[in-house]
Colleague: 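Got a structure for you, questions after.
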Protein chains: 2
Amino acid sequence: MSESMAPIERHSLHDVVTERIRDMIVEGAYPPGSRLPERVLCETLGISRTPLREALKVLASEGLLELAPNRGARVAGLTADDVDELFPVMGALEALSGELACARITETVLAEIRALHYQMVLHHTRGERPPYFSLNQQIHEKILEAARNPTLTAAYTNLSGRIRRARYTANIAASRWAQAVREHEEMLEALAERDGPRLAEILKRHLHNKCETVKAALAAIE
Amino acid sequence: MSESMAPIERHSLHDVVTERIRDMIVEGAYPPGSRLPERVLCETLGISRTPLREALKVLASEGLLELAPNRGARVAGLTADDVDELFPVMGALEALSGELACARITETVLAEIRALHYQMVLHHTRGERPPYFSLNQQIHEKILEAARNPTLTAAYTNLSGRIRRARYTANIAASRWAQAVREHEEMLEALAERDGPRLAEILKRHLHNKCETVKAALAAIE
DNA sequence: TTGTTGAATTTTGCATACAATTTTGTATGC
DNA sequence: GCATACAAAATTGTATGCAAAATTCAACAA
């Protein structure tokens, strides 16, 4: 994005509200299936119903909410079938991001990713989950950014929001965790060698494994 | 989905309006970049501003409109750069749809696609473009349907809506047209042999060529 | 107890009203 | 003539009001 001109970001109320509710849902503030009465949200956010309803419509079109006519909004649930549907699509998009990133990444960004990676590895060896997951996500975001395709980024971000990361990252098995770190090491190698097809393959595999982890976490919750 | 119970589709006004405006934009009723004042749309559709604004927010989140704070809605334009962004993503999604379709398609649906295909070929030999394009799109939709992944279908449909306007007006060159038909023949072969990777490769190539066609059409319009 | 009926309450859908911002048009100065 | 300044009109953003639908809950019957 341009940094020379100050991007005067004038946020309308409905935009701010959309983002806030989206964050709340993604972070698991409301359990799946729970109702979100307009009145409650209005009071919580200190706004009227008009901008709130505009936000709800957008979030529903993103698949984060389910709107039933005359029955209000519910937080969309996530079944194992939903996950089986989501992950192949996310896998295809991440694979593409890997291919594009290999073609377009700069040494600077690669160095940034490398730094993030080794910091992440450190947190793994220490068994510190929250910072590990934070760095993990940052790395994937950096790769997406390196692909320089906002449409791709938007599509991926939209789908990934539906997984509601916060809920499922808490309990990862040690064996799967170690495997994920190994996959990340392979990713770094492929990126350094600008080996697009290999990175694509690794990312697809990585996502597939993540899919199983999320499904296991889902089953554990029930 | 359940088909035993009648799926009572109760359309809210904002839903109907969203769909109508979306169709109007996709079919080119409003030129790209043109303003869409709320007052005009309200009078055209015979509704008040509340449901209209909800529809506009959704269409903007789909990328069909651009909303500037306090400045209203404009029909999103489509630059060559946008097309270069869109097609790799659509290519990745279509490739996935091909792989999944090969794994899941039934003989019945394959027969339907075959019928559509040969009808399409007929229109090609006769030089009849509109019915050709219609059948072409139907075939791609059938493949998506055969993949049985609504999330994938939704993601693809969303992106494809942004370029459909260009596709309508596309004056395809005879040489490219023949090439497209050959690619479709390959697709049918790969589907019949349930050769997922090959179908994925063909579709990716097909989309890449389509990208160039659309860019040429865009350049011709300007 | 359990299930059903129906009125009261709540909640949603849409329209309208008001405030804030932008756009338009006109007059004035150079 | 051209640019600027300012007022008027139009447009958008938000809040509120009212009608329709759904939910709740209490009374009643089996």
Side-chain angles (χ1 to χ4, degrees), chain A residues 5-25 29-77, chain B residues 5-25 29-77:
Chain A
M5 281 287 277
I8 305 166
E9 297 199 25
R10 308 179 56 200
H11 294 294
S12 300
L13 199 44
H14 55 256
D15 269 321
V16 180
V17 167
T18 304
E19 220 168 308
R20 275 202 59 182
I21 300 179
R22 183 174 20 234
D23 286 348
M24 287 160 91
I25 295 174
Y30 302 107
S34 66
R35 291 197 55 183
L36 296 182
E38 296 178 4
R39 185 150 191 77
V40 174
L41 291 174
C42 285
E43 286 168 6
T44 305
L45 301 166
I47 58 169
S48 83
R49 288 176 57 211
T50 307
L52 175 79
R53 284 175 57 85
E54 292 172 358
L56 293 183
K57 297 290 175 298
V58 171
L59 294 173
S61 89
E62 291 176 10
L64 259 59
L65 294 178
E66 284 165 11
L67 289 181
N70 290 311
R71 268 187 232 175
R74 286 179 180 282
V75 177
Chain B
M5 281 287 275
I8 306 167
E9 296 202 24
R10 310 177 58 203
H11 294 294
S12 301
L13 197 45
H14 56 256
D15 269 321
V16 181
V17 168
T18 304
E19 218 168 310
R20 276 202 59 181
I21 300 180
R22 182 171 22 231
D23 286 348
M24 287 161 92
I25 295 173
Y30 302 106
S34 64
R35 291 197 54 182
L36 296 181
E38 296 179 4
R39 186 151 191 75
V40 174
L41 290 174
C42 286
E43 286 168 7
T44 305
L45 301 166
I47 57 169
S48 82
R49 288 177 58 211
T50 307
L52 176 79
R53 284 175 59 83
E54 292 172 357
L56 294 182
K57 296 289 175 299
V58 171
L59 295 172
S61 89
E62 290 176 11
L64 259 58
L65 294 178
E66 284 165 11
L67 290 180
N70 290 310
R71 268 183 232 176
R74 287 179 179 282
V75 177

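No experiment lies behind these values; they were computed from the predicted model shown. The chains referred to below are lettered A, B, ... by the order of the sequence lines, with proteins before strands, and numbering in each begins at 1. Any value given below was found using the heavy atoms of this structure, including those in side chains, with hydrogens, waters and symmetry copies removed.
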Colleague: Would you check if B:L45 and B:V16 make a side-chain contact, meaning some heavy-atom pair closer than 4.5 Å?
Modeller: no
Colleague: Taking side chain to side chain contact (heavy atoms under 4.5 Å, CB included) as the test, write out the residues that go with B:S48, two or more places apart.
Modeller: B:T50, B:P51
Colleague: What string of B, S and - do you get for nucleotides 8-15 of chain C, 5' to 3', when a contact is any protein heavy atom under 4.0 Å?
Modeller: ---SBBBB
Colleague: Got a sec, which pairs hit side-chain hydrogen bond (donor to acceptor under 3.5 Å, both in side chains) with one end in residues 57-67 of chain B, sequence neighbours left out?
Modeller: A:S61-B:S61, B:R22-B:E62
Colleague: Applying side-chain contact (heavy atoms from CB on, under 4.5 Å) to B:L36 and B:V40, what does each step give before you reach the verdict?
Modeller: CA-CA 7 Å; B:L36 296 181; B:V40 174; over 6 Å; no
Colleague: Working to the nearest 0.5 Å, report the span between OG1 of B:T44 and CD1 of B:I21.
Modeller: 9.0 Å
Colleague: Salt bridge (Lys or Arg N to Asp or Glu O under 4.0 Å) with B:E38: which residues, sequence neighbours excluded?
Modeller: B:R49, B:R53
Colleague: List for me each residue that meets side chain to side chain contact (heavy atoms under 4.5 Å, CB included) alongside A:S34, sequence neighbours excluded, and say none if there are none.
Modeller: A:Y30, A:P31, A:V75
Colleague: Please map the stems of DNA chain C, keeping only stretches of three or more Watson-Crick or G-U wobble pairs with both distances under 3.5 angstrom.
Modeller: C:1-30 with D:1-30
